[in-house]
Structure formats: structure tokens, C-alpha cells
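Dumping the structure here so I can ask a few things about it.
Residue numbers start from 1 in every chain, and the chains themselves are labelled A, B, ... in the order their sequence lines are given, proteins ahead of strands.
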2 protein chains.
Amino acid sequence: MRENTLGSLIWLRLMRFTNQSNQMSNVFLKRFDLTTAQFDVLMQIRIYQPLTQMELAEKVTITQGGISRMLARLEKEGYITRKLDWKTKTISLTNKAEKMLEKVTPEQVAFQSSFFHDVLTEEEQQTLYKLMTKVHKHSQKKELPPV
Amino acid sequence: MRENTLGSLIWLRLMRFTNQSNQMSNVFLKRFDLTTAQFDVLMQIRIYQPLTQMELAEKVTITQGGISRMLARLEKEGYITRKLDWKTKTISLTNKAEKMLEKVTPEQVAFQSSFFHDVLTEEEQQTLYKLMTKVHKHSQKKELPPV
DNA sequence: GCATGTGACTTGATTAATCAAATGATCAAA
DNA sequence: TTTGATCATTTGATTAATCAAGTCACATGC
């Protein structure tokens, strides 16, 4: 047990939980023909539109190549448009996507929330959010030690 | 903002954090020619060996197909052996893997822990662990609503 | 003892992510 | 007005995961 610090236990829990709940979310969203990643991207566009691909990639922690292909798929589905302004493509949602999100978002939000709402009190949720925010913000500043 | 319940904010934080720290962990482990997933699998084998592929797949929340290929890779690298007992393959670590883990584990554990240790007090870590354990255990029991 | 079932694992097809090299558009300077 | 520099995006190669169908060894019932 010497090696199992509290931190590594937390890490494992977080990984297992997100992995698993992500899979469940994919199953849940299949009825709308969406993946969790796609829903996430569409929501970010909804909030921040219009924005560039780089900004979007940054927000959802995916590579530029990844966002390029993902947006190509969403564009083919008719959920977004990309227009070339100056040298940058700005992304916006189509009406089709707005309508779809209006319907799907409450369900998906309820689904996500149920993971926490069912077992934690309001106060515990506040605490969890506060702690994870601290941890997340810290990790974004983190430098990897040199090889 | 109506739609952003506390739960969905937590969900997003967790996803972003694990996604990002997982990527960082992959970079960190590259020096040992390992991925985070491989390290995770090897650690589980170390703790629970000997065990079957099904049990292992269950533990690391991956499909049977996934674990089959992953173990094939680890076997080719000389980290594990699989022998056919009755109709089940039991997996164990090789000496090579034991030695490697002895060296890598403390570093990886320290790396994981640093995400939490640097910004949370011991007590806050305890709280975070307790809350995530509750949430995780609950999610494992969760049934998806029917389509 | 043959046929059928079952359980554990593998594999083919598909999907989606990564990295790194290529493309394409604008700007800046000679 | 061509040449190079820079920046955003795309694309080819590779890796790894999923699902579902396939294999293989043993068990069980007729």
C-alpha cells in the first residue's frame, strides 16, 4: 500500500468514473444520433459562437486535427456552418442544430446531473465542484517535468 | 444559464480534467514507452494476478475486444504471459514487467498525486476522495433509462 | 460418441483520435 | 510583385477503441 497515496486513489476514481459515465452518455445520446464529444462541441459553439477552430479545440481539449475532422462531420450533418472570414474560419450553429439542442440539452443535462444529484446533497455538490475547479485550474498551469 | 445545473458543471469539470491529465500522463509515460492505459492495466494485473481477461476488462472499464488486443501488445513487449488453464487464460506479469513497474510506479504515482497534493490540503483530498467514491459507486449501479 | 450449447477469447470492420507534414491565405519587406 | 514568414486549417499515416461475428475447447444430453 506504500505506493497508493491518496492522490493516486483519487486519480483512479476520477478516471474510472469519467470513462464509465462517458460510455453511458454515449449510449444515452445514441437516440439522437450524437456522441458525447459531438454534443460537447455543439454546446461550446452555442455558448461562444462565433469562434475559430483553434479556440474551440482549446476549449474541448482536443487537437487541431481532431477538431477539423469533427467539424467536417458536423457540417455534413448540417449542424454547423463554417465561413472563411479573412484567414480564419468562423463557426456557427445552423437552425437545425439550435432546434436539436433545445430539445436534447435538458435531457442530457438531467442525465449528467443525475450522477451527482442522486447521491450527494446540494452542499456536497458545491464542495465537489469547488475542489474540482481548484484541481482543474491548477492542472492547466502545470508544466511537465523535462525528460 | 437556466440549463447549467450544478451537476452538469461538475460533469464538465471532471471530463475536462481527466481528459487533460490523461494526455499529460501519456506524455509523462512516453519516456518509459508506455501509455496511461497500459500502465493502468499492468498495475491491475500486479495487484490481482493471476486473473482472467474478463475480470481484467471489467476492472479497467474496457471491452473484451479491447483488452484482448491490449494484452497481445503487452505480451509481445514481454510484460505479461498468458497461459491456458482449463478454458481460461490466466494472466501474470513477467519479471521484466515487475522490474519496470518497481521503477516506474513511484514516479507515476507522484505524478498523479501532484495534481491534488499541490493545491488541496490533506483534508480536502480526503473529502474529494469520499465524494468521488460515492459518485462512482452510484454510477456503477445506474441503469440507463430505456429508449 | 455425436450434436449442440456455453463460456472465454480473437478478429474484421468501422470510427475517431493523435502527430506531423502539407496546403492556402495573408502580410511584410525588398 | 516576387519572396519569405506566419498562421489557421486540412490531410495522410498510425494507433487504439468499439461492436458484432467468429473460433475453439470443453461440457452435457440424447
Q. Just by distance, with hydrogens left out, do A/Gln108 and B/Ser8 show a side-chain donor and acceptor under 3.5 Å apart?
A.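 Their side chains do not contain a donor-acceptor pair, so the 3.5 Å distance test is not met.
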Q: Calculate the interatomic distance between A/Met70 atom CE and C/dT18 atom P; express it in whole Å.
A: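 That distance rounds to 10 Å.
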Q. With a non-hydrogen cut-off below 4.0 angstrom, is A/Ile67 in contact with a base, only sugar-phosphate, or nothing?
A.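 Result for A/Ile67 = nothing.
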Q) Looking only at side chains, do B/Ser92 and B/Arg82 share a donor and an acceptor under 3.5 Å apart? A)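 Their side chains do not contain a donor-acceptor pair, so the 3.5 Å distance test is not met.
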(Q) Using a 3.5 Å distance criterion without hydrogens, assess whether the side chain of A/Arg16 forms a donor-acceptor pair with backbone atoms of B/Lys59. (A)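 Yes; judged by distance alone, with no hydrogens or angles, the pair exists.
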Q) Picking from D/dT10, D/dT9, D/dA16, which would you name as closest to the side chain of A/Gln64? A)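 It is D/dT9.
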**Q.** Rounded distance in Å - CZ (A/Arg69) to P (C/dA22)
**A.**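 Rounded to whole Å, this separation is 15 Å.
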Q: Please state whether the phosphate of D/dT10, meaning OP1 or OP2, lies under 4.0 angstrom from any side-chain nitrogen or oxygen of A/Gln53.
A: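 Checking A/Gln53 against D/dT10: at least one side-chain N or O falls below 4.0 Å of OP1 or OP2.
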Q) Could you give the CG-to-P distance, from B/Asp33 to D/dA16, as a whole number of Å? A)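 After rounding, the reported distance stands at 11 Å.
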Q. Considering residues, nucleotides and ligands other than A/Lys96, do more than 12 of their heavy atoms fall under 6.0 Å from its NZ?
A.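 Above 12, so yes.
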Q. Separation of A/Met54 atom CE from D/dC7 atom C1', in whole Å?
A.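 These atoms are roughly 8 Å apart.
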Q. Can you check the A/Glu75 CD to D/dT10 C1' distance for me, whole Å?
A.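 That distance rounds to 13 Å.
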Q. With distance as the sole criterion, is a donor-acceptor pair present between the side chains of B/Asn19 and A/Thr61 under 3.5 Å?
A.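 Side-chain D/A pair, B/Asn19 to A/Thr61: present.
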Q: Grab the CG-C1' distance between B/Leu51 and C/dA8 for me, whole Å please.
A: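 Distance, rounded to whole Å: 13 Å.
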**Q.** Nearest-angstrom distance from the residue atom CG of A/Leu71 to P of D/dA8
**A.**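 Whole-Å distance recorded here is 15 Å.
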Q | Phosphate-side-chain proximity, B/Thr63 and D/dC19, N/O vs OP1/OP2 below 4.0 Å | A |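 So the side chain of B/Thr63 is outside the cut-off, no N or O lying under 4.0 Å from OP1 or OP2 of D/dC19.
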**Q.** Spacing between A/Ile91 atom CD1 and D/dT10 atom P, to the nearest angstrom
**A.**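 To the nearest whole Å, that distance equals 9 Å.
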Q.
Does a side-chain N or O of A/Arg82 approach OP1 or OP2 of D/dT10 to a distance below 4.0 Å, or not?
A.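 Yes, because at least one side-chain N or O of A/Arg82 sits under 4.0 Å from OP1 or OP2 of D/dT10.
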Q | D/dA16 OP1/OP2 closer than 4.0 Å to side-chain N/O of B/Arg73 | A |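 Yes, such a contact exists.
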